[in-house]
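The structure displayed is predicted, hence computed values, not measured ones.
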Amino acid sequence: MRRRTAPLPQRSTPKRPEQVLWYATAASVVAVQVAFSTRTPEAFRLPKAALFQASVLLLTGAAAVALLLSPSLRERLALRAPSAIAAGAAIVIWTGVTALSAVNRTVGVFAFFSAVLYFVFFLLVLHLAPHSTSALAVLVFPAGLNAGVAVLQRTSLWNPFSIQTLDRRLTVTGLIGNPNDVADTLLLPLLAAIAAGLVWRQARLRWWAGAAIVLAGIVSTGSVAAVAAAAFGIAAIAIAAHPRRQVVIACALIMTLGTAAAAFRLWQRAGSPSVSRRSIVELSSYRAPAYLAAFEMFRDRPLTGVGPRNFAVRYMQYRLAVDEKFPQWVRTENVNFGEVHNDHLQVLAETGLPGYALFLIALVSIARISVRKEEGNPDEYGRFARLFALPAIIAFGIVSFFHFPTQLAAPMTVTLHAAGLALSWSRT
């Protein structure tokens with residue numbers, strides 16, 4: 001007598017109307033990465049931020065209606081990734097507290113509104129993302145499009161925008177804007193495509209071809225920080241996938257060479273064979289005064305900071321004090337900084353020590369996916385999450401020391417989408 005075997009459990013796929021809600025969420029991810037408007041003073045950052053906020057507001061209303069109409073959606077809202085959700089909620093609450101105590105409360109309240117929308121978007125991805133590689137394609141496909149445009153711009157083969165500048169690097173905008181913004185937005189899709197190629201081996205050529213295009217786009221931007229972050233992230237994935245001694249040694253060598261190349265590029269930027277106090281400004285691309293101004297803001301208000309998005313409000317006041325303290329740093333190229341160009345310092349300056357601690361906790365809650373012990377063998381989606389999470393946080397942490405991805409809609413949308421997928425897929 002033949003014995004019946006129980007059917008294998010299948011991954012749940014969102015049903016209508018939650019399926020429609022997911023499609024709308026995915027469409028907003030793609031749209032933010034490619035949207036621009038030449039009719040506005042800021043052709044890239046402002047349209048992307050406005051589009052993100054409008055789309056999340058519409059998604060919030062649609063989600064409220066879907067919860068009323070769909071019992072299955074209410075069942076799906078079981079508490080997932082409680083530590084990450086708690087960290088995100090704490091960040092939103094603390095942003096609200098610091099906004100009320102900000103030196104410019106209007107700017108702080110607007111930043112609090114943005115933080116709420118980011119958190120809502122993260123929750124939508126966490127609870128609605130299907131267990132399908134199409135959710136990864138939402139990251140990789142527009143990244144490949146932007147990377148392709150960046151390569152064409154760098155090689156002067158084609159540029160859809162008329163940019164008048166003597167610096168060829170600044171013509172590399174993709175559909176995102178500043179070259180550093182392009183590199184920051186492409187960074188996590190690159191690592192996701194590499195990890196996907198290692199997990200879904202039947203489609204590895206497709207994923208790795210996408211990764212090669214995205215990597216070419218990052219290199220085309222000439223961003224030293226992003227290239228170094230990509231090198232460390234790729235090495236971390238290689239070590240996690242093949243933890244053999246030879247692989248570890250090879251990856252350590254790659255990271256060392258990458259760091260040496262970045263250091264040589266900085267030495268070239270200084271324009272002098274000796275690193276002295278007078279070359280610090282050049283080494284930092286004239287950002288050293290902004291770094292020190294941010295630190296002085298933190299020293300003055302270590303608990304709550306000057307308030308979210310208030311660095312730009314108080315920068316000139318602190319900058320004058322920095323110039324008086326370090327007159328050798330004064331240059332004709334000095335500009336007014338709206339951001340610190342270092343998210344770690346900006347979080348400290350704007351939200352104080354508690355805000356920075358919450359920032360680190362949020363990163364750790366994602367990174368622990370790669371080191372957490374789980375019962376049973378994870379499926380392909382779980383393996384992807386474990387392979388991707390820690391390298392992504394390493395790369396994001398590195399690039400955040402030199403850029404400001406948390407202040408921009410395009411890289412933050414990509415980052416929150418990737419974090420939501422990793423947390424959702426890491427749970428069986």
Side-chain angles (χ1 to χ4, degrees), residues 25-38 40 42-52 55 121 133-163 165 167-197 206-227 229-230 233-234 392 395-396 399-400 402-418 421:
T25 303
S28 68
V29 176
V30 176
V32 169
Q33 293 184 68
V34 300
F36 64 91
S37 174
T38 56
T40 59
E42 170 54 70
F44 298 100
R45 292 178 181 175
L46 181 60
K48 292 179 186 299
L51 178 62
F52 173 80
S55 62
F121 174 78
T133 54
S134 62
L136 274 181
V138 171
L139 287 179
V140 179
F141 176 76
L145 177 62
N146 275 301
V149 174
V151 171
L152 292 174
Q153 291 172 322
R154 187 67 176 188
T155 56
S156 300
L157 294 177
W158 178 70
N159 195 331
F161 309 105
S162 178
I163 302 174
T165 178
D167 189 345
R168 185 178 175 184
R169 177 176 177 266
L170 296 181
T171 64
V172 182
T173 64
L175 303 177
I176 296 174
N178 183 279
N180 291 337
D181 299 354
V182 177
D184 295 346
T185 306
L186 299 182
L187 184 58
L188 295 191
L190 166 66
L191 301 180
I194 294 173
R206 180 178 61 190
W207 288 114
W208 286 353
I213 295 172
V214 176
L215 179 60
I218 293 176
V219 174
S220 296
T221 66
S223 172
V224 175
V227 170
I234 294 171
F396 183 80
V399 82
S400 296
F402 305 96
H403 300 161
F404 46 98
T406 65
Q407 311 296 318
L408 302 174
M412 271 302 288
T413 302
V414 168
T415 300
L416 293 174
H417 182 95
L421 284 184

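- Of the inter-residue distances, the one linking Arg45 atom CZ with Asn178 atom CG reads 5.5 Å to the nearest 0.5 angstrom.
- The two residues Gly174 and Val149 make their nearest non-hydrogen contact at CA-CG1, 3.8 Å.
- When every heavy atom of Gln153 is checked against every heavy atom of Thr173, the shortest pair comes out as OE1-N, 2.9 Å.
- Leu175 places a side-chain heavy atom less than 4.5 Å from the side chain of Phe161.
- No hydrogens or angles considered: nothing links the side chains of Asn159 and Arg154 as a donor-acceptor pair under 3.5 Å.
- The side chain to side chain contact (heavy atoms under 4.5 Å, CB included) test with Val214 singles out one residue from Leu186, Val219, Thr185, and that residue is Leu186.
- In this structure, CG on Leu187 lies 5.5 Å from CG on Leu191, to the nearest 0.5 angstrom.
- Ala226 and Ile218 make their closest contact through CB-CG2, 4.1 Å (heavy atoms, listed as atom of the first residue, atom of the second, distance).
- Side-chain contact between Gln33 and Thr413 is absent, with no heavy-atom pair separated by less than 4.5 Å.
- Counting only heavy atoms from C-beta outward, the side chains of Phe52 and Met412 never approach each other to under 4.5 Å.
- Between Val399 and Phe404 the shortest side-chain heavy-atom distance does not fall below 4.5 Å.
- Rounding to the nearest 0.5 angstrom, the gap separating the NZ atom in Lys48 from the CD atom in Glu42 is 10.0 Å.
- Using a 4.5 Å cut-off on side-chain heavy atoms (C-beta onward), Thr415 and Leu188 make contact.
- Here the straight-line distance linking atom CG of Asp181 with atom CG of Leu408 works out to 5.0 Å at 0.5 Å rounding.
- In this structure, the separation between CG on Asp184 and NE2 on His403 is 5.5 Å, given to the nearest 0.5 Å.
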For residues 133-141, please give each side-chain donor-acceptor pair under 3.5 Å, one per line with the distance, not counting sequence neighbours.
unit_1: Ser134; atom_1: OG; unit_2: Ser132; atom_2: OG; d: 2.9

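- Using a 4.5 Å heavy-atom cutoff, the side chains of Ile194 and Ile234 are in contact.
- Looking at every heavy atom in both residues, Phe121 comes nearest to His417 through CE2-N, 3.9 Å.
- Closest of all the heavy-atom pairs between Pro405 and Pro411 is O-CG, 3.5 Å.
- A pairwise comparison of heavy atoms in Ala35 and Leu51 identifies CB-CD2, 3.6 Å as the closest pair.
- Classification of the Phe36-Phe44 ring pair by plane angle, with boundaries at 30° and 60°, yields tilted.
- We find the CZ-OG1 distance between Arg169 and Thr171 to be 10.0 Å, quoted to the nearest 0.5 Å.
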